[in-house]
Amino acid sequence: MVAEKMIEIAQTVRRLIQSPSVRAVLMLSVSMVMAVVVGTLALLVDLRQQELTHARGETISLNRILAEQTTRTIDGVALAMYGARDRVSDKVGRDLALDSTPVHLLLQSRIIGLPQVKSMFVADSKGMAVNSSRDDLASPFSVAQREFFQYFSTSNQDGLFVSLPERARIDGQWTFYLAVRLLNSDGSFRGVIASAISIEYFESLYDSINLDFVSKIQLLSRNGELMAGHRTGDSAFGERVLEPDSLSRIAGHPENEVVLSNHDAMMEPWISTYRQVAKYPLIVSAAVSEHEALTPWRRVALPIATGAAAVIVFILLATTIILKNLLRKEHLQLERDASNEKLRHMVQSVRDAILTV
């Protein structure tokens, strides 16, 4: 009985599929569903790409501002150091001992208005820090092994030197140093003037930038070592955070931003923007994770996907109702045809009986 019913249903479905009206309804329904799905996917993909492009553009703009701000910050310190060097190297300054009170007052006056400078100090030709802008310098201490002193004492290099971050001996804070050479009147090496730059100054500046599209801001050396800013995992200041191929790409575009797509330790994709700081061996980086950059997109995508799903459900319900009506109409037509066939056989039988009589 069940098998006969299944066969009957299968035959009915076969007849329905062969019906032109049913085929037209099914084709229209499938076409509408496909149009909604394809249109929704295309819209969501386009919105996603627009959001990533927007995040990339905002990151580039911020990176340019940060590079200019870093340039002005270093420029202020460099001008103060060059001014101090000029005063110590002029006709009056050459006669002053590096550990004298006038030099101490000169250093103090030079760092006024420079919150990024913790102290400015002078080291003599033997590497002894003999004077400082700080009042708590109890006695000279050796900086002969420091990177900034070795740079000038072992070579004839001139200009501004930027060291890697290290722990300051006085307060234990992370610090990097800017240094310039001091020369005697005969051109011989007299010592260096150095400034201790507070990394906390840069980090407080970066932390004050509360933007939704920026997840990480870093100040790097020209060789890719971390100078200040966001630290990931166990990375520390002074460690290299950029690969050589990335550094080569950045070096090839000194006046423009370089945008790189990379992944963190959790394999999360990031959009990272790098720009070299003008005149100084530094690189500013602003980065955003794609997950955070796509937060606005997800807020928009959910209602769109929900609306598309509702439209598809409506189409399927309407198609089901239409097919049910067609099925009932087909069933009534089949019953009518069967009734007509029975009536025809009955009339034929009666006619045959009458003719026989």
Side-chain angles (χ1 to χ4, degrees), residues 2-63 209-217 230 232-233 257 259-273 286-335:
V2 177
E4 293 178 356
K5 190 65 176 177
M6 294 296 294
I7 293 174
E8 183 180 354
I9 294 176
Q11 291 175 350
T12 304
V13 172
R14 189 180 300 112
R15 285 194 297 269
L16 284 175
I17 294 176
Q18 293 174 353
S19 173
S21 59
V22 172
R23 288 202 302 270
V25 170
L26 289 176
M27 290 182 62
L28 179 61
S29 177
V30 172
S31 300
M32 293 175 65
V33 170
M34 291 298 297
V36 172
V37 171
V38 173
T40 303
L41 289 177
L43 177 61
L44 293 178
V45 170
D46 182 65
L47 290 176
R48 183 180 186 275
Q49 187 60 40
Q50 288 184 17
E51 200 63 44
L52 291 176
T53 302
H54 173 72
R56 173 174 174 170
E58 293 293 332
T59 305
I60 290 175
S61 299
L62 175 64
N63 204 31
I209 302 175
N210 295 320
L211 300 177
D212 295 335
F213 56 85
V214 175
S215 307
K216 182 171 62 177
I217 300 175
H230 182 80
T232 57
E257 286 80 12
V259 182
L260 302 176
S261 297
N262 47 32
H263 295 78
D264 59 12
M266 303 300 294
M267 297 307 296
E268 181 180 355
W270 284 72
I271 301 173
S272 302
T273 307
V288 58
S289 67
E290 287 193 8
H291 178 76
E292 295 188 14
L294 292 175
T295 299
W297 173 79
R298 285 192 294 272
R299 289 197 292 261
V300 174
L302 182 59
I304 293 176
T306 303
V311 171
I312 292 174
V313 170
F314 175 78
I315 293 173
L316 295 177
L317 288 176
T319 302
T320 302
I321 294 173
I322 294 174
L323 289 178
K324 283 184 176 180
N325 290 332
L326 290 176
L327 179 61
R328 183 171 58 184
K329 180 180 178 181
E330 183 70 17
H331 182 68
L332 293 175
Q333 185 175 358
L334 291 175
E335 289 185 348

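Taken to the nearest 0.5 Å, the CH2 atom of W270 stands 6.5 Å off from the CD atom of E292. Put simply, CD on E51 and CZ on R56 are 15.0 Å apart, with the number rounded to the nearest 0.5 Å. The distance from the NZ atom of K216 to the OG atom of S289 is 9.5 Å, given to the nearest 0.5 Å. In this structure, OG1 in T59 is found 6.5 Å from CD1 in I271, a value given to the nearest 0.5 Å.
Donor-acceptor pairing under 3.5 Å is recorded for the side chains of R298 and T295.
In this structure, E290 pairs ionically with R48, as a charged nitrogen and a carboxylate oxygen lie closer than 4.0 Å.
In terms of the side chain to side chain donor-acceptor pair (under 3.5 Å) criterion, Q49 has no residue partners (sequence neighbours excluded).
Nearest heavy atoms, A286 versus N63: N-OD1, 3.5 Å.
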Under 3.5 Å, which donor-acceptor pairs do the side chains of residues 27-45 form with other protein atoms, sequence neighbours left out?
{"residue": "S29", "atom": "OG", "partner": "T319", "partner atom": "OG1", "Å": "2.8"}
{"residue": "S31", "atom": "OG", "partner": "M27", "partner atom": "O", "Å": "2.7"}
{"residue": "T40", "atom": "OG1", "partner": "V36", "partner atom": "O", "Å": "2.7"}

Donor-acceptor contacts under 3.5 Å from residues 304-318 side chains, at least two apart:
{"residue": "T306", "atom": "OG1", "partner": "L302", "partner atom": "O", "Å": "2.8"}

